There are 2 protein chains.
Amino acid sequence: MTRKKSDITQETILKAAIKIFSEKGYSAATTSEIAKEAGVAEGTIFRYFSKKKDLLYQIAQKTIDLFSHHIAFSTLKEVLKENETKDAKVLLKALIMDRMILFEQYFPYIKIIFYEAQFHEDIQAMIDKKIIKKGFLLMQDVFTQRTLAGEFKAIAPNVATRSLLGMIVAMFLQKKFIPSHYFTNDLEEEIDIIIDIFLNGIRNTASGCISVDS
Amino acid sequence: MTRKKSDITQETILKAAIKIFSEKGYSAATTSEIAKEAGVAEGTIFRYFSKKKDLLYQIAQKTIDLFSHHIAFSTLKEVLKENETKDAKVLLKALIMDRMILFEQYFPYIKIIFYEAQFHEDIQAMIDKKIIKKGFLLMQDVFTQRTLAGEFKAIAPNVATRSLLGMIVAMFLQKKFIPSHYFTNDLEEEIDIIIDIFLNGIRNTASGCISVDS
DNA sequence: CCCAAAAGTGAGTACTTACTCATAAATATA
DNA sequence: TATATTTATGAGTAAGTACTCACTTTTGGG
């Protein structure tokens, strides 16, 4: 059995809305433009979404659920489990690569919900509860575990998580918005540098610390 | 001699616009609301700014100039010079505290221009040229200098700069938007942790490296 | 092929928006 | 005080805007 026509139309409209919202922002986007992008009459939109705001909320809901349940934490957990016993360097690389793919793939979605979260407290609360908190908890487990094992210092795991995230997001945004003259051409090389900073710092250990590599 | 009345009115309108823009975003903000906030008639706005967009551009221009010339780089340079010979820890702390104060003070301005940069390529170009590039160049000097002195590793200075910035911005945004349950109550303590991560990494040096503190 | 239900349409509506302009008020000049 | 200039006003306007609804088209089962 083929999918119901109404489902297809609804999805087409949602996709068009995501495109226009992420290009112009929610407020500057118009329903007529979304209709044009979707290839339907303007009235059709309102058969599926009672208000313009409903479009935004459904996009937010969908994106957050997507991240929360199916993709984000299942692959994240997998990556974490796969590399549980491996070196921190290997674990972090797998982790970051996994996150980069997600970011890249869902960039329009992410742009919309993170921007609109500013103005809609309910969206903000959803992101906080279903993405940030969960993600942080998972990461904190990793840090706590390796701290107990003596591999990591006893640094506040939330600060460590947020710092790593900050470095990655900064890289990603630079790649997206000002890719011109700041980057090494190789993404993996750059990630390696970030991991090295995160694990070992930028201070020259030769001067004050004798490194014993395995 | 007192200031011309027209200058005062113009500034009042600009301030009102900054408030409304940063609260609702440029598109969702209305000229009638800005007029109300400024305590003037709607028509008055258009005696000083021919279009609504002119408001945005003047705000952007003003903010970028402010950052570029007067406040940002003069104090940044001062901080750098003052701490030139001191320990990296001291330098970075002075640097971050200085940036935090700026961020805090001009948060509404920053919000507006960084958000609208997405949609206005000219604003994006201005930010890139007058803030990001200049700031990065200054920071890179610091890193290059200390790398040559053997204090820092030979890590790509742009990546190092961006990583440090990413960690700070991540902290700042968390402080602004989700201050509830992630933070140690003490900001300075948190900055110390970030600097420690940045300089020494989170890996436990005791296991593979013998630290020699001064 | 028929017809009822489902899906789609787009002109129309009530409202808001950025922006104008003739007029009024405030201020400066003499 | 009288007059010229600058500054401020807010009703008015044309151009959207989100959203409605009477109507048409499409779909699928008997």
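Numbers restart at 1 for each chain; the letters A, B, ... are given by sequence-line order, proteins then strands. Remember, predicted model here, so these are calculated numbers, not experimental data.
- The side chain of R47(B) sits closest to dT9(D) out of dC19(C), dT9(D), dA7(C).
- Rounded to an integer number of Å, the gap from CD1 of I45(A) to C1' of dT17(D) is 13 Å.
- Salt bridge status for E188(B) with K93(B): present, with a side-chain N to carboxylate O gap under 4.0 Å.
- Atom-to-atom, NZ of K53(A) to P of dT17(D) comes out at 18 Å; the value is rounded to the nearest Å.
- Both cation-pi conditions hold for K52(A) and Y26(A): the charged atom is under 6.0 angstrom from the six-membered ring centre and inside a 45 degree cone around its axis.
- Remark: P of dT16(C) and CD of E33(B) are 13 Å apart, rounded to the nearest angstrom.
- Listed nucleotides dG10(C), dA8(D), dT17(D) differ in distance to T30(A); the shortest reach to its side chain belongs to dT17(D).
- Within the nucleic acid shown, A28(B) has no heavy atom closer than 4.0 Å to any nucleic acid atom.
- Considering only side-chain atoms of A41(A), the nucleotide from dA8(D), dG10(C), dC19(D) that sits closest is dG10(C).
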**Report entry** Pair R47(A)-I13(A), side-chain contact (heavy atoms from CB on, under 4.5 Å): steps then yes or no
**Finding:** CA-CA 11 Å; R47(A) 284 184 52 78; I13(A) 292 168; over 6 Å; no
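- Between T31(A) and dC19(D) there is no side-chain polar atom (N or O) within less than 4.0 angstrom of OP1 or OP2.
- Contact annotation: T9(B) reaches the phosphate of dA8(D) (side-chain N/O to OP1 or OP2, under 4.0 Å).
- A29(A) comes within 4.0 angstrom of sugar-phosphate atoms only, judged by non-hydrogen atoms across all strands, and of no base.
- Separating the CD1 atom of I34(A) from the P atom of dG8(C) is a distance of 17 Å, rounded to the nearest angstrom.
- Taking the six-membered ring for Trp and the full ring otherwise, Y106(A) and F67(A) have centroids separated by under 6.0 Å.
- Side-chain nitrogen and oxygen atoms of Y48(B) include at least one within less than 4.0 Å of the OP1 or OP2 phosphate oxygen of dA8(D).
- The nucleotide whose nearest atom lies closest to any side-chain atom of F46(A) is, among dA18(D), dG8(C), dA18(C), dA18(D).
- You'll find that the side chain of E42(B) is closest to dA18(C), out of dT9(D), dA18(C), dA8(D).
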